[in-house]
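A note on names: the letters A, B, ... follow the listed sequences, proteins ahead of strands, and every chain is numbered from 1. This is a predicted model, so every value here is computed, not measured.
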Protein chains: 2
Amino acid sequence: MRRRPTMKDIARRAGVSESAVSFALNDRPGVSAATRARVRRVADQLGWQPSTAARALSGEGAATVGLVLARPARTLGVESFFLQLVSGVQEALAARRLGLLFQVVEDVDAECAVHRRWWAEHRVDGLLVVDPREDDPRPALLAELGLPAVIIGAPGARPVPAGTPVSRLWADDAGAMASVVDHLHGLGHRRVVHIAGLPGLAHTRRRIDSLRTEAGRRHLTDVTSLPTDYSDAQGAEATRRVLASARPPTAIVYDNDVMAVAGLAVAAERGVSVPGDLSIVAWDDSVLCRTTHPPLTALTRDTAAFGRQAATHLTALLDGAPATDLRAALPRLTPRASTGPARGATPAAR
Amino acid sequence: MRRRPTMKDIARRAGVSESAVSFALNDRPGVSAATRARVRRVADQLGWQPSTAARALSGEGAATVGLVLARPARTLGVESFFLQLVSGVQEALAARRLGLLFQVVEDVDAECAVHRRWWAEHRVDGLLVVDPREDDPRPALLAELGLPAVIIGAPGARPVPAGTPVSRLWADDAGAMASVVDHLHGLGHRRVVHIAGLPGLAHTRRRIDSLRTEAGRRHLTDVTSLPTDYSDAQGAEATRRVLASARPPTAIVYDNDVMAVAGLAVAAERGVSVPGDLSIVAWDDSVLCRTTHPPLTALTRDTAAFGRQAATHLTALLDGAPATDLRAALPRLTPRASTGPARGATPAAR
DNA sequence: TGACCGCACTCAAGCGCTTCAGTGGGAGGC
DNA sequence: GCCTCCCACTGAAGCGCTTGAGTGCGGTCA
C-alpha cells in the first residue's frame, strides 16, 4: 500500500514552490524552461498523477463523462449495439484521459434522477444521452443543469432549448429506410411489415414515418409497422402473428438483429422458406446476421465510429465549442441471402 | 445553469455551523434530534447532494469502483456476458450509491496502466477484475496499490498475496464441464472436440483440464481442445477444420454462444445434420442459443446474479470485511435440440 | 455553593490542487 | 547610477467536506 505522491512532494524534491509545480505541469507561462523540465522529470520519477478529486474541487471539472442506459434488464445484453458504441466512445475519451461513468437503470425517470445526482455530486462534466424519446424530459433537464451533452440518435420531437451546450448526433433513419424500401421494391415486394422497436423512442417513430413515406412514393399501400420491446420474444411473437394473417407479407424489416434472427427461426419452424416465401432485413448488422442460415441482409453501420464521433464532439463541447447538430454516416445496406425476389413477382426495373 | 448548493448554504439557512451540518447529515452524535431534523429538511429542500470530489479529498474515498475490460475491440460487443454482468453489478452498486467507472482497453498491460492511473488519480475505491489469466500481473499490482478488489472467475494460477483486500469469486468450471461430459457421454458420444476461448485465460485452462479429467474418468480418450479468440470467425474456422478431419467428432463443445452459433452455421453449410451427425453444446446461454435452428443445448448461468454477487462482496471489502474466496452457483445444463444420440451408438445407461 | 461533567455546538485545520496578488532581482533605458 | 519593467517564482486563499480540539452552558453531586 503506497502513499500517493502529491504536488507537495514534487515541490520539495525539485526545490520550488507548489505553484511553480502547478504552472510547470499545466504548461502555463511563469516558469523557465529549465525548471519546467526538472519538475516534469521529478513528477515522472515519482509516478505522480493529478488527483481528480482535488482538480474537481478547484473548479477544473471531474474529468469524467456519464452514460446512462435506460432499458429494462431483460432487453439488455443481447444487442451488439451498446458495447460497440461504448467501445468507440472509450477510444475518444481515453485520448483525453476522461473517464466514463456508466449506469444501467430501468426507465427514463430513473435516468433523470441519476443525471441530477451526478450533477449535484460534481461527478461528471458532460453526458452522453442515448435513446431519445418522443416525449423526452432530458433536454429540459440538461438545460436546467447546464451540463454539456451529446444526444445520440436525435433529433427527437423535443428540441433542445437554445443556448445550452447540448449537441445532437443525428442518424439518418429516413435515408436508411429509403435504401431498404428501394431494395425490397426492386425485388418485387409489395406487402411489407416492419417489426419496430420500443414505441416511445424517437427513432422508432422516424422509421415508422419514413417507411410510410417511402412506401407511398412507390405506391405500396400495404405496409404496417408493429412496435415491440426489441426482445427476441416479442420479435418472434409479432412474426408469428403476421405470418398467420390472411395476407401475410412477402418481406419483413426488423428494427434490430436479435428480432430478425428470432423471426428467421419462426419462419423455419413454420416451414416458410427464406428468401423463397419471405424476405428478411435486419436493422443493424452483427455477427448474428452473418452466422444464421441463410445469412441476413442487414443495414450496416459502424457503431463504434458512431460512438467515437459522439464522444469527440462532447470533448469539443467541454472545450467550449458551440453546440450543433451533426449527422452520422448513412448506414449502407448489405444484401445477403435472406432477401430475394418476391414470389410470383416480376422484378421491377432497377 | 444552477449553482450547486453546498453545506455552507445549508448551515446558513439552518442557522448552525458547517460542522453541525456535517454531523447531522452523516448520522454522527453531537447534534440534537431537533437540529438534525431541521438540517435534513433544509438539505432536502435545497436538493443538496454531497460533492464526491470534496468527500474524496477529505479522505472518504471516491464512491466509485472501476471495471476494465481488456479485450480487443473485435471480440467485443457480441457476447451477452459482459452487459449482463455489468447490469448485475450496477444493481448492487446503486444500492450503495457507488458509481461504476468503466473502460475498455486492448490488453492486460493497458489494463494495469489504467488501474495504476485510477489509483494515483484517486478515482476509485475498489476494482472488479475480470478474465483472470494464467500468468496474471494484476494480483501483484492490486497488492502493491492496496486497492480492494474482487477477481471474477478466479482462482487463476497466480494466488493473491496474503493480507491484501482482494477476494476471488470462483465459477466452478470443473463441475460444469462434468455435467457437459455426462450429458454427451450418456448420449453415446465418444469423440468430442472442445473449441475453447482465449488461451491465456485461467478459465480456458481450467475447462481444458477438466475436460481431460472428466473424459479420462469415463474412458474417453478421443478429446481435443482448440483455443480461439472467442470470435465467430475463429469458431467457424476451427469447426471447419475438425469437420474436415479424418475422424470428425460426434460432438463439439463451444466456449461461448457466438462460436457455437457460428459452428452451427458451418455444419449447415457443409450439410452436416445437427443433432443427427453432430451434437453441439454452448457454454453460456443467451437469446442466440434459443433462436437458432435447432436451438442449442447450453450451460445456463445467471450472469447478472454473478455480477451482483461480485459487487456485493466488493462493497463488503470496502467496509473492511476480510477477503475470502467465494463460489458462484454451479451453471446448469439446459438440454435443447442440438444434442442427440451419437450416430450408431447405443446410448449408455444413464 | 462550587467543582465537575457531558452535551450541543463552533472553530479551524487540512485533504491536493489552482490561481491571483505579490515579491525580488536582473536587464534595459535614459 | 537610478528608475522602471518584466520575468520567474512564492504565498496564501479557496474549492466543499471531515474531524479533532475547543467552548459555553445547564444540570448533578457533595
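Side-chain contact check for B/Ser32 and B/Thr35: at least one donor-acceptor pair (N or O, by modelled atom type) lies under 3.5 Å.
Of the options B/Val89, B/Val86, B/Ile152, a side-chain contact (heavy atoms from CB on, under 4.5 Å) to B/Leu67 is made by B/Val86 and by none of the others. Results of the side-chain contact (heavy atoms from CB on, under 4.5 Å) test with B/Glu111 over B/Leu127, B/Val129, B/Leu69 single out B/Val129 as the only residue that passes.
If you measure from atom NE2 of A/His122 to atom P of D/dC15, you get 11 Å, rounded to the nearest angstrom. Separating the CE atom of B/Met7 from the P atom of D/dG14 is a distance of 18 Å, rounded to the nearest angstrom. If you measure from atom CG of A/Asp125 to atom P of D/dC15, you get 19 Å, rounded to the nearest angstrom. Atom pair A/Arg123:CZ and D/dC15:C1' shows a separation of 18 Å (rounding to whole Å applied). Between A/Ile10 atom CD1 and C/dC17 atom C1' there is a gap of 11 Å when expressed in whole angstrom units.
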Exercise for the section: List the steps, then state whether salt bridge (Lys or Arg N to Asp or Glu O under 4.0 Å) holds for A/Arg96 with A/Asp319. Expected result: CA-CA 11 Å; A/Arg96 297 282 303 264; A/Asp319 291 343; 3.1 Å; yes
Handout entry: Check against side-chain contact (heavy atoms from CB on, under 4.5 Å), B/Leu25 and B/Ile10
Key = CA-CA 11 Å; B/Leu25 295 174; B/Ile10 302 178; 4.2 Å; yes
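By the salt bridge (charged side-chain N to carboxylate O under 4.0 Å, His left out) test, A/Glu121 is found to be paired with A/Arg117, A/Arg123, residues two or more places apart in sequence or in another chain being considered. Applying the salt bridge (charged side-chain N to carboxylate O under 4.0 Å, His left out) criterion to A/Arg308, with sequence neighbours excluded, gives A/Glu91. Taking B/Asp9 as the reference, B/Arg3, B/Pro5, B/Thr6, B/Arg12, B/Leu46 meet the side-chain contact (heavy atoms from CB on, under 4.5 Å) condition, with sequence neighbours excluded. With sequence neighbours excluded, the residues satisfying side-chain contact (heavy atoms from CB on, under 4.5 Å) with A/Ala54 are A/Ser51, B/Leu57. In this structure, the ring-ring contact (aromatic ring centres under 6.0 Å, His included) partners of B/Phe102, at least two apart in sequence or on a different chain, are A/Phe102. Every residue meeting the side-chain contact (heavy atoms from CB on, under 4.5 Å) condition with B/Ala14, not counting sequence neighbours, appears here in chain and number order: B/Val16, B/Arg38, B/Val39, B/Val42.
With respect to the salt-bridge test (charged N to carboxylate O, under 4.0 angstrom), the residues B/Asp135 and B/Arg133 do not qualify. Between B/Asp107 and B/Arg71 no salt bridge is recorded (no basic side-chain N to carboxylate O distance below 4.0 Å). By the 4.0 Å N-to-carboxylate-O rule, B/Asp27 lies close enough to B/Arg40 to be salt-bridged with it.
In terms of heavy-atom proximity, B/Cys112 sits nearest to B/Pro137 at SG-CG, 3.9 Å.
Overall, the helix from C/dT1-D/dA30 to C/dC30-D/dG1 carries an axis bend of 60° between its ends, with five pairs at each end and the value rounded to 10°.
The stretch residues 48-67 of chain A participates, sequence neighbours left out, in no salt bridge (Lys or Arg N to Asp or Glu O under 4.0 Å) pair at all.
Looking at residues 54-64 of chain A, you'll see A/Leu57, A/Ser58 sit with a heavy atom under 4.0 Å from some atom of DNA chain D. Of the residues in residues 25-41 of chain A, those with a non-hydrogen atom less than 4.0 angstrom from any atom of DNA chain C are A/Asn26, A/Arg28. Residues from residues 12-21 of chain A lying near DNA chain C, meaning a heavy-atom separation below 4.0 Å, are A/Glu18, A/Ser19 in numerical order.
At a threshold of 4.0 angstrom between heavy atoms, the contacts of B/Ser51 are confined to the sugar-phosphate backbone, with no base atom among them.
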Can you check nucleotides 21-27 of chain C for protein contacts, nitrogen or oxygen pairs under 3.5 Å, and list what you find?
none

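Between A/Lys8 and A/Ser22, the one whose closest nucleotide on DNA chain C sits nearer the 5' end is A/Lys8.
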